[in-house]
**Student:** 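First the structure, then my questions, so here it is.
Owing to the predicted nature of the structure, the values given are computational and were not obtained by experimental measurement. Below, chain A is the first sequence line, B the second, and so on; all start at residue 1.
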There are 2 protein chains.
Amino acid sequence: MAAPAGKSIREGSAQKRSAILLAARALFLSDGFDRTSMDLVAAEAGVSKRTVYDYYGDKRTLLAAVVDHTVEALSTAVQRAIDENLVVVPDAAQLEHALVSFAESITVSAIGSSDYAALMRLLYTEATNLPETRSMAWNAEEPEDAVATRFAAFDRDGLLHAPDPRLAADHFVALTISPLTSSLGVVGAEVDEHRVIVEGVRAFLRAYRPF
Amino acid sequence: MAAPAGKSIREGSAQKRSAILLAARALFLSDGFDRTSMDLVAAEAGVSKRTVYDYYGDKRTLLAAVVDHTVEALSTAVQRAIDENLVVVPDAAQLEHALVSFAESITVSAIGSSDYAALMRLLYTEATNLPETRSMAWNAEEPEDAVATRFAAFDRDGLLHAPDPRLAADHFVALTISPLTSSLGVVGAEVDEHRVIVEGVRAFLRAYRPF
DNA sequence: GCTACACTACACCGTGCAGTGTAGTTACGA
DNA sequence: TCGTAACTACACTGCACGGTGTAGTGTAGC
């Protein structure tokens with residue numbers, strides 16, 4: 001499509017790899033692993049089924065690749081949301097607003113259409129289909145640790161009373177993000193995302209405000 | 001086995017129905033819907049496959065029955081936990097202990113071996129396999145409403161400051177029960193359930209304690 | 001033009017599984 | 001003792017799907 005301007009070596013290869021991964025991701029997350037056929041993945045990726053098998057050896061390996069990719073995307077999205085919303089902390093008065101922006105940034109951009117929840121389901125349900133190392137290695141630890149690190153800084157600055165930053169991060173996620181990711185995906189849920197986040201942040205601040 | 005002492009009419013029938021339901025429940029929750037074969041359900045229930053199909057028409061109907069049964073069991077267990085731990089509220093000093101007992105009662109007895117989490121996964125993942133009415137009708141609303149009703153009473157008694165009892169109930173569940181149900185099921189998770197609940201209750205009380 | 005390579009199209013195999021049909025066995029009530 | 005209903009054992013169908021093998025096509029470098 002676009003003029004390569006560089007070496008065209010292996011470019012088509014990378015494109016196809018990505019197309020397959022994206023198609024598999026969308027299908028696995030929406031329909032589930034078992035109900036997604038490799039024929040459909042190939043068709044959705046605009047690629048022959050044989051190519052799918054040439055790139056990724058079998059279905060389980062493809063799943064592992066999808067999981068890795070999604071976890072990584074989530075992790076970087078969370079980190080960016082932290083950088084954009086929580087690094088410059090003006091004063092206690094604006095902490096609530098900053099936290100709301102942070103939570104909303106994650107729920108809308110990173111998680112998008114409740115990908116996070118779908119991924120969780122996928123991981124727990126399909127845990128037996130993944131090489132053991134992978135299913136325990138990640139466990140969403142990284143994003144929460146990043147939040148915890150930030151909260152530790154808030155504690156030092158007197159904006160938060162969080163002697164156990166990791167626990168505070170867990171509670172923050174539980175109050176703001178988890179309710180959204182778990183309720184979505186069900187028909188007719190129709191929750192007010194903004195209200196959930198605002199009320200979650202307020203409850204969090206009542207519990208973790210210093211003094 | 002035991003002497004009937006009454007009419008033996010239809011007893012075998014009810015026994016078999018139950019055996020099938022239990023076997024299906026265990027298998028669906030542990031292995032997932034798609035990966036559970038009807039032959040295995042029949043074998044596990046000690047019943048011929050034909051009988052399974054005579055009792056429940058097809059696999060989806062069996063799933064619906066399992067969901068109904070589990071939701072109902074959960075609902076009654078929550079109600080009983082409320083009755084046993086939260087009806088007699090001595091004073092504010094013992095509220096923390098009462099709430100901890102309540103949360104632990106749910107996580108250990110009702111939810112048992114993280115059945116709740118597995119059910120959730122099952123519901124979200126297999127939502128397309130259920131008649132639409134069922135997947136929206138329940139949505140764990142009933143148990144949370146029961147908790148909300150109790151919290152409203154606490155608010156009237158001055159034990160809690162919960163102007164929106166339902167929101168408080170959501171936050172309570174998010175802080176104490178949800179973390180456990182979602183982290184379990186993964187290998188090597190090994191969380192300290194008691195600590196999670198105690199810390200969750202404390203954070204909740206910091207956020208909802210009056211004055 | 002030739003070779004090498006990436007890819008497609010397509011046929012194909014084996015298997016597991018939902019669901020059915022049925023003959024035979026057991027138990028029980030009249 | 002007979003009839004009936006519940007249940008089992010088992011064979012069987014149809015199908016979807018994971019995975020493979022291969023012949024053929026387009027493309028790029030030499």
**Student:** Whole angstroms only, please: what is the OH-P distance between B:Y53 and D:dT8?
**Tutor:** 15 Å
**Student:** With respect to the side chain of B:S37, which nucleotide from D:dG18, C:dG19, C:dC17 is positioned closest?
**Tutor:** C:dC17
**Student:** What's the closest nucleotide to the side chain of B:M38 if the choices are D:dT22, D:dC7, C:dA18?
**Tutor:** C:dA18
**Student:** Are B:D54 and B:K16 close enough, and set up right, to give a salt bridge (Lys or Arg N to Asp or Glu O under 4.0 Å), and what steps lead you there?
**Tutor:** CA-CA 11 Å; B:D54 285 342; B:K16 283 193 202 301; over 6 Å; no
**Student:** To the nearest Å, give me how far apart CD1 (A:I20) and C1' (C:dC7) are.
**Tutor:** 11 Å
**Student:** Tell me: CG of A:D31 to P of D:dC17, nearest whole Å?
**Tutor:** 11 Å
**Student:** Among D:dT8, C:dA18, C:dC7, find the nucleotide with the atom closest to the side chain of B:K49.
**Tutor:** C:dA18
**Student:** May I ask you to establish whether A:R166 and A:F151 are in a cation-pi arrangement, using a distance under 6.0 Å from NZ or CZ to the six-membered ring centre and at most 45° from the ring axis?
**Tutor:** no
**Student:** Rounded to whole Å, how long is the line connecting atom CZ of B:R17 with atom P of D:dC7?
**Tutor:** 11 Å
**Student:** Got a donor-acceptor contact below 3.5 angstrom from the B:S75 side chain to the B:V71 backbone?
**Tutor:** no
**Student:** Go through C:dA18, C:dT8, D:dT8 for me and flag the one nearest to the A:S48 side chain.
**Tutor:** C:dT8
**Student:** What is the separation between atom CG on B:D39 and atom C1' on D:dT8, rounded to the nearest whole Å?
**Tutor:** 14 Å
**Student:** Rounded to whole angstroms, how far apart are CZ on A:R60 and C1' on D:dG19?
**Tutor:** 14 Å
**Student:** In whole angstroms, how far is the P atom of C:dG16 from the CZ atom of B:F33?
**Tutor:** 19 Å
**Student:** State the CZ-CG distance between A:F172 and A:L160, to the nearest 0.5 angstrom.
**Tutor:** 9.5 Å
**Student:** Counting only side-chain N and O atoms of B:Y55, is one of them less than 4.0 Å from OP1 or OP2 of D:dA6?
**Tutor:** no
**Student:** Between C:dC7, D:dT8, C:dC17, which nucleotide gets closest to the side-chain atoms of A:K16?
**Tutor:** C:dC7
**Student:** Mind checking if A:D54 touches a base, just sugar-phosphate, or nothing, with heavy atoms under 4.0 Å?
**Tutor:** nothing
**Student:** Rounded to the Å, how far apart are A:R35 CZ and D:dG18 C1'?
**Tutor:** 17 Å
**Student:** I want to verify a distance call: between D:dT8, D:dT20, D:dG19, whose nearest atom is closest to the A:R50 side chain?
**Tutor:** D:dT20
**Student:** Evaluate B:D58 against B:T61 for side-chain hydrogen bond (donor to acceptor under 3.5 Å, both in side chains), listing each step before the verdict.
**Tutor:** CA-CA 5 Å; B:D58 58 9; B:T61 307; 2.6 Å; yes
